[in-house]
Structures are given as structure tokens and as C-alpha cells.
Amino acid sequence: MGILEKISEIEKEIARTQKNKATEYHLGLLKAKLAKYRAQLLEPSKSPAAKGEGFDVMKSGDARVALIGFPSVGKSTFLSLMTSTASEAASYEFTTLTCIPGVIEYKGANIQLLDLPGIIEGAAQGKGRGRQVIAVARTADVVIMMLDATKGEVQRALLEKELESVGIRLNKSKPNIYFKPKKGGGISFNSTVTLTQCSEKLVQLILHEYKIFNAEVLFREDCSPDEFIDVIVGNRVYMPCLYVYNKIDQISMEEVDRLARRPHSVVISCGMKLNLDYLLEKLWEYLALTCIYTKKRGRKSLASQFKYALVWGTSTKYSPQRVGLTHMMEHEDVIQIVKK
Ligand SMILES: Nc1nc2c(ncn2[C@@H]2O[C@H](COP(=O)(O)OP(=O)(O)OP(=O)(O)O)[C@@H](O)[C@H]2O)c(=O)[nH]1
Ligand SMILES: [K+]
Ligand SMILES: [Mg+2]
């Protein structure tokens, strides 16, 4: 059986298994297996097509935003409206075939906006140019998931699933679990909070599935088995995402109102230039959450080498002020990190 078939078998089994106390371990194991096969599927050696022509756009500016969405939702129309770059828009699907960068200038910052080909169900497994598109998405500071407002909620769920399956976690923070594989000593398991979703036994089962027999595990949060698996597998990307429903000129006021109230959502019309200013404000908010931190993404060592930082700006009482990792930065603050 190929990996894809194995994955679909496990997915089916998870779907038909009732979730209760008796099936808890079985489900945990299935999920661990699923994550393993997915990781295999994404190993670079097995995906020579991962590097697509026209996709290696240089990072530039202060932050990067990737436009992800089904074909013909209006991604290129949006890029052409917001930046001085023109990206071809048309009524047929897959008009855009490469990655097209533009720049949004806002509050003195240069935000790189990337228009990308549309993606469809199965993108994560390489359908269309799905893998290349997702690879670019991983490098972004914020994802704008552009959705066709006339199609309701279907697109959102499908794309979330695609991104989820390749380890992209949207609007979630990294699970607060300390995990350290060891050379010996078995598995030491502790938690600082009451756990309602995981137990020592389940954690051991999952670790054994990954052939880990010696490790230190400390739950500082009531995490789910999936979150624990994310920690073991590593290589997950935690990313803010704005869901942008475009083409609201085509739907009723009631529907516009309903979509606008969904979490992390903004409704717009590129065609009628509706609500674009508000979208920019929101985007800025989502970027500000991460600008300062995500620039260091990928350099995992920084947090572990962090000793203290000096901050100049409005977030401190005096400038510079010596701060720790939990200090909240404000816009235009300057930071100098002192390593151990
Ligand atoms: N009614 C309406 N049509 C829109 C709106 N925005 C874009 N369109 C139309 O939707 C169609 C697709 O737009 P594109 O910008 O090419 O969509 P895309 O997401 O870049 O498509 P691909 O590159 O094929 O993935 C075009 O005919 C646009 O004119 C809008 O707000 N309202
Ligand atoms: K199109
Ligand atoms: Mg396009």
C-alpha cells in the first residue's frame, strides 16, 4: 500500500471511530501514525517538484503576507488594487501560475504581498501547484486566506485542512509543553495543570509509536493529543491568518453580516472597493503581533540563547529598559537582544 492509501485508510478509521474513553488510546495512536505518514510524504527527497519555477521570490521589506485561496476568488485583483504591481486577473481558473510579489506601503512599513496560484483540495499532496504554493505560505508572517463570499464556508474548511495536513497551524500558539528526548532513564512525565485530554499512559503510547523510550515531558497547559504530537514531530509553523471574504457585492446584507462576525474574518469587495481600508488595519494588527518575533522564525536557537533585551520606545517606562521574554513590544519599538 502506498503512503497516500495508508493515510486515507487511517483517516477513514478515525472518522468511523466514536470518540469516547474506551477509544481514546486507539485514536491517539491513529493520529500519531497519521502524522508520521504525512511527514514521510513531505520529505524533500520524495518531492522533486517542491522547487517550482517562478516561486523563489526574494524576501523584501518588513514583513511578508501570502495570498492563499481557491482559483478565481480575486487574489490577483486584490494585489493589483493594493500595490503598484499588476497581476493578471480573469474569470477563468488558474490565471496565475507563479508567485507575483507586490508591496503595500502602510504606516511607514513595506509589506511584501505575494499573489499565488489558486489551490484546490489535494494541494498538500501536490495537486496543481499546491506544494509550491504551500511552501511559499510557510515563509510568510501572515496568511490571507481569500475566500469567495458567494461560496459560503466550504472553501475555508477545505483549505484549513490542506494547511493543517502540512503542519501549518493557523491562529494557534505553540503548545506549552516541554519535551526533551534523553539517552536513558525512561519517560518522565509531569504536568503543572490538570489534564483533561491527555494522560501519562496516552503520552507513553504516542512516544512509543515514535520509538521514543527516554524523554522528559512536562505539560504546562491542558493540551490535546494532537498538540502533543505536534510538539514531538516539531517543524510546525504557527501563523496568524486573516480570512478575507471577497465579492460581497454578490451576496445579501444578512450573509455579509454573518461572515463578518466569524472569527478572524474580514469581508470585502475588490470589485466595488468595499472595506479595503479596514482590511489593511486588520492586517496591520495581525502583523504587529508577529513582526518583531517572526523575523526570527526558523532561528529557533534565539529564544534558547536569550538572556535579556533592551527596549527603546513606548512600551517601556524608560528607554532603554531591560526586559525579559514576556515583555510586549509596541509599534516602532526598538529592541536589542543580549544572548547568553
Ligand atoms: N463580483 C466580483 N467579482 C470579482 C471581485 N473581485 C474579483 N472579481 C472577479 O473574479 C474573477 C477572478 O479574479 P482573479 O483576481 O483572477 O482571481 P484569482 O484568485 O487571482 O484567480 P487565479 O489566479 O485563477 O487563482 C475576475 O473575473 C474578477 O474580475 C469582486 O469583489 N466582486
Ligand atoms: K482567475
Ligand atoms: Mg490570480
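Numbering of ligands and ligand atoms starts at 1, following listing order. In what follows, every heavy atom counts, from backbone to side chain, and hydrogens, waters and symmetry copies are set aside.
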Indicate if [X] and [Y] have the same hydrophobic cluster label, given that clusters are the connected sets of ILVMFWY residues with side-chain heavy-atom separations under 4.5 angstrom.
{"X": "Leu158", "Y": "Val133", "value": "yes"}
{"X": "Tyr106", "Y": "Leu242", "value": "yes"}
{"X": "Leu147", "Y": "Leu280", "value": "yes"}

Test item, Phe78 contacting ligand 1 (heavy atom, 4.0 angstrom)
no

Ligand-residue contact atoms, ligand 1 with [X], heavy atoms, under 4.0 Å:
{"X": "Asp249", "value": "1 (N), 2 (C), 30 (C), 31 (O), 32 (N)"}
{"X": "Tyr92", "value": "24 (O)"}
{"X": "Gly118", "value": "25 (O)"}
{"X": "Ser91", "value": "27 (O)"}
{"X": "Ser269", "value": "31 (O)"}
{"X": "Glu93", "value": "24 (O)"}
{"X": "Thr77", "value": "7 (C), 13 (O), 14 (P), 15 (O), 28 (C)"}
{"X": "Phe94", "value": "24 (O)"}

Flag the pair [X] and [Y] as a salt bridge only when some basic side-chain nitrogen lies within less than 4.0 angstrom of an acidic carboxylate oxygen.
{"X": "Lys75", "Y": "Asp115", "answer": "no"}
{"X": "Lys161", "Y": "Glu164", "answer": "no"}
{"X": "Glu209", "Y": "Lys36", "answer": "yes"}
{"X": "Arg64", "Y": "Asp141", "answer": "no"}
{"X": "Glu153", "Y": "Arg258", "answer": "yes"}

Return the orientation label for the Tyr286 and His264 ring planes: parallel under 30°, perpendicular over 60°, tilted otherwise.
perpendicular

Of the listed options ([options]), which comes nearest to [atom] when hydrogens are ignored and any heavy atom counts?
{"atom": "atom 23 (O) of ligand 1", "options": "Ile268, Leu79, Thr96", "result": "Thr96"}
{"atom": "atom 20 (O) of ligand 1", "options": "Gly69, Ser76, Ser72", "result": "Ser76"}
{"atom": "atom 26 (C) of ligand 1", "options": "Ala149, Ala89, Ala90", "result": "Ala90"}
{"atom": "atom 19 (O) of ligand 1", "options": "Gln250, Lys75, Lys247", "result": "Lys75"}

For [atom], what's the nearest protein heavy-atom neighbour? Residue, atom name and distance, please.
{"atom": "atom 17 (O) of ligand 1", "result": "Gly74 N, 3.1 Å"}
{"atom": "atom 6 (N) of ligand 1", "result": "Asn246 ND2, 3.1 Å"}
{"atom": "atom 30 (C) of ligand 1", "result": "Gly271 N, 3.3 Å"}

Count the heavy atoms of every other residue, nucleotide or ligand shown that sit under 6.0 Å from [atom1] of [X], and state whether that count exceeds 12.
{"X": "Tyr278", "atom1": "OH", "result": "no"}
{"X": "Gln197", "atom1": "CD", "result": "yes"}
{"X": "Asp277", "atom1": "CG", "result": "no"}

Degrees at the K ion (ligand 2) between the OG atom of Ser72 and the O atom of Ala90, nearest 10°
90°

For the K ion (ligand 2), angle spanned by Thr95 OG1 and Tyr92 O (nearest 10°) is 60°

So for ligand 1, is [X] a polar contact partner (N or O within less than 3.5 Å, distance only)?
{"X": "Pro117", "answer": "no"}
{"X": "Val73", "answer": "yes"}
{"X": "Asp115", "answer": "no"}

On a heavy-atom basis, which atom in Arg322 and which in Leu310 lie closest, and how many Å separate them?
CA-CD2, 4.0 Å

Before you tell me yes or no, could you show the steps for Tyr178 and Phe219 under ring-ring contact (aromatic ring centres under 6.0 Å, His included), namely the whole-Å CA-CA distance, both residues' side-chain angles and the distance that decides it to 0.1 Å?
CA-CA 6 Å; Tyr178 175 80; Phe219 276 60; over 10 Å; no

Return yes when at least one N/O/S atom of Ser76 is nearer than 3.4 Å to the K ion (ligand 2), and no when none is.
no

What angle sits at the Mg ion (ligand 3) between OG of Ser76 and OG1 of Thr96, to 10°?
90°

